[in-house]
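Report on the structure given below.
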Amino acid sequence: MMADISELSLKDGRIITDSETLAKFGKDDSTQEVVKVYKPLAVVEAHSVEDVQATLRFANHHKIPVTAWGAGSSIVNSSAGLDDGIVLDLSQLNQILEINIPNQYAVVQAGVLNADLDKEVRKQGYFFAPDPGSKPISSIGGNIATNAGGMSSLKYGTTKQSVIGLQIVLADGTLINTGSKTFKDNVGYDLTDLLVGSEGTLAVIVAATVKLLPIPFGKPVTGLATFADMKQLSIGVQKISASGLYPSMMEALNDTSIEALDRLEKTDLGNGGVAKALLIFKLEGAPAGAVEALQEILGDAGALHVSVTDDAEYAQKIIQIRQDYYRAEAAYGRLIVEDVAVPLSKLPDLADFVEQLTFTTDVTAFLGGHAGDGNFHPNIAIPRDSDSIPADVQDAISKIFKYVQSIEGTISAEHGIGEIKKQWVLPQLGQELVDLQRRVKLTFDPNNILNPGRKI
Ligand SMILES: Cc1cc2nc3c(=O)[nH]c(=O)nc-3n(C[C@H](O)[C@H](O)[C@H](O)COP(=O)(O)OP(=O)(O)OC[C@H]3O[C@@H](n4cnc5c(N)ncnc54)[C@H](O)[C@@H]3O)c2cc1C
């Protein structure tokens, strides 16, 4: 018999059961693959840590699935509520609890939006490094739960490198602090790192201690370079990576992505179709001679055109091009977003492989992303009215996944697994590692109530 949600007693939160709200939380709008809308039992809008504890105690007792919801920007349907489950909405836990400049950390509640913390600490000469494309709309709890990456992961790492401690609620309602306020800490197992990227399957994060970094000294140098194709560009990326210049960003766009951007921005980045690949790069606190060195490396790598600037306004225009990438592609249809990574030396092969794929249905395929991390997003725009992914598109995605796994790459670099990539976990990790991970999951969550069926 289904539990009676009205028996759940909260300190100050809200239990919402109207059909419109349930439908909204039964789906992640940014996951374009999935059209199914789940029917959760209720949405619990937590206003305090006690609300989270009470909800988990109740759910654990009644064995009800619980899905943590930060801001719902998941691309892999990881935060959509499950049928007859509870969606634990953490968006109202949105207080910045402490900004500690001398010790270079902040303590934030899970629902604080990434950009809100960043904006606040920039007033004091610091920044919060994780910069997913969803920075203004995603929560820090969600970024931690997905180990989100971004354009500057190349220099500052993914979210993992910015988290030093967590406050979590276990499936049975127990409140625990992991990590510490120090940047180094080797006491006990590193559960902070284990929880980063766990997609709400091990515990619910209610607060985090995150690193703040001082804004780099000196003028950043930003630039773009065009190439004859993505393979050539990937070779350029390898050469810059090996140069010791440590760029904070190396973002790539293929010909269809350039075309989409030119259409959106009314620009001519593609130089009338000559440039088939575009590299956007940034160096922070560039040492003397760095610009000349970059130009030389890119010239040697066969760049058709290189443009470098330290003018802040022009630099922002260049970065904006990359930031508009999804919007430009999404104009072509329902955008299926993929997220693979390979060891850096295999990047040219990956570019080649993806560009050779052909389609029988009317779709547009794009390739681009965080080239410096060996991380490409092969995105495919399918007709907006498709009620499922066309068979040839599904087949192409499977081919890409099999290929990256065959060259020691990964099918998910930053977006996570959610429910839509689960079948690819076993071939990548192998049975023994999956079994070990399942035992870890059961230790944290013996009744399997936390986002069941997702991540592993
Ligand atoms: C336009 C756009 C651009 C994007 N760009 C990037 C990008 O560049 N890089 C990238 O990595 N991702 C990107 N994403 C994907 C997404 O924004 C990230 O995965 C983000 O970290 C999710 O944050 P969220 O707060 O929306 O989490 P949600 O979508 O609400 O949740 C994501 C997962 O985390 C779990 N979760 C959320 N909060 C908690 C919590 N407090 N405790 C435990 N579990 C929790 C959920 O259960 C779910 O499994 C993008 C998405 C969009 C729509």
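Heads up: numbering here begins at 1 and tracks the sequence. In each ligand, atom 1 is the first atom listed, and ligand 1 is the first ligand listed.
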Could you see which bit of N451 sits under 4.0 Å from ligand 1, with heavy atoms only: side chain, backbone, both or neither? side chain

Could you tell me whether some N/O pair between I137 and ligand 1 is separated by less than 3.5 angstrom? no

Which part of S30 is near ligand 1, with near meaning a heavy atom under 4.0 Å away: side chain, backbone, both or neither? side chain

Under 3.5 Å between any N/O of S73 and any N/O of ligand 1: does that happen in this structure? yes

S78-ligand 1 polar pair, N/O distance under 3.5 Å: yes

A110 N/O to ligand 1 N/O under 3.5 Å: no

Is any N or O atom of G70, backbone or side chain, closer than 3.5 Å to an N or O atom of ligand 1? yes

Using a 4.0 Å cutoff against the non-hydrogen atoms of W69, which atoms of ligand 1 qualify? 30 (O)

Atoms in ligand 1 flagged as close to G133, the criterion being non-hydrogen separation under 4.0 Å: 3 (C), 5 (N), 6 (C), 7 (C), 8 (O)

Regarding S138 and S134, is there a side-chain donor-to-acceptor distance under 3.5 Å anywhere? yes

Is there any N or O on E414 that sits under 3.5 Å from an N or O of ligand 1? yes

Hey, is the main chain of I449 close enough, under 3.5 Å, to the side chain of N447 for a donor-acceptor pair? no

Is_contact(atom 37 (C) of ligand 1), protein non-hydrogen, under 4.0 Å: yes

Between N77 and G418, is there a donor-acceptor pair closer than 3.5 Å when you use the side chain of the first and the backbone of the second? no

Checking a contact table here: which protein heavy atom is nearest atom 11 (O) of ligand 1, and how many Å away? G149 N, 3.1 Å

Y326 N/O to ligand 1 N/O under 3.5 Å: no

Below 4.0 Å, non-hydrogen atoms only: which portion of S198 touches ligand 1? Side chain, backbone, both or neither. neither

Is the shortest N/O to N/O distance between S74 and ligand 1 below 3.5 Å? yes

Could you walk me through whether Q109 and Q95 satisfy the side-chain hydrogen bond (donor to acceptor under 3.5 Å, both in side chains) test, starting with their C-alpha distance in whole Å, then the side-chain angles of each, then the deciding distance to 0.1 Å, before giving a yes or no? CA-CA 5 Å; Q109 288 189 312; Q95 299 301 308; 5.0 Å; no

Contact between ligand 1 and G416 is defined here as a heavy atom of the residue under 4.0 Å from a ligand atom; is it met? no

Here the atoms of ligand 1 under 4.0 Å from any heavy atom belonging to A148 are 11 (O), 21 (O)

Do S153 and D373 have a side chain donor and acceptor closer than 3.5 Å? no

Quick one: which ligand 1 atoms are inside 4.0 Å of a heavy atom on V204? 42 (N), 43 (C)

What is the closest protein heavy atom to atom 41 (N) of ligand 1, and at what distance does it sit? I205 O, 2.9 Å

At under 4.0 Å between heavy atoms, which part of T146 makes contact with ligand 1: side chain, backbone, both or neither? side chain

If the cut-off is 4.0 Å to any non-hydrogen atom of A145, which atoms of ligand 1 fall inside it? 34 (O), 35 (C), 36 (N), 44 (N), 45 (C)

Residues K160 and N147: side-chain donor-acceptor under 3.5 angstrom: no

For ligand 1, is there an N or O atom under 3.5 Å from any N or O atom of T67? no

Atom indices of ligand 1, in the order listed, that fall short of 4.0 Å to a heavy atom of S79: 28 (P), 29 (O), 30 (O), 31 (O), 46 (C), 48 (C)

Using a strict cut-off of 4.0 Å, indicate which atoms of ligand 1 neighbour a heavy atom of I75. 14 (N), 15 (C), 50 (C), 51 (C)

When you measure from atom 46 (C) of ligand 1 to every protein heavy atom, which one gives the shortest distance, and what is it? A68 O, 3.0 Å

Between S134 and ligand 1, is there a nitrogen or oxygen pair with a distance under 3.5 Å? yes

Counting each atom of ligand 1 from 1 as listed, which ones have a heavy atom of S139 under 4.0 Å away? 24 (P), 25 (O)

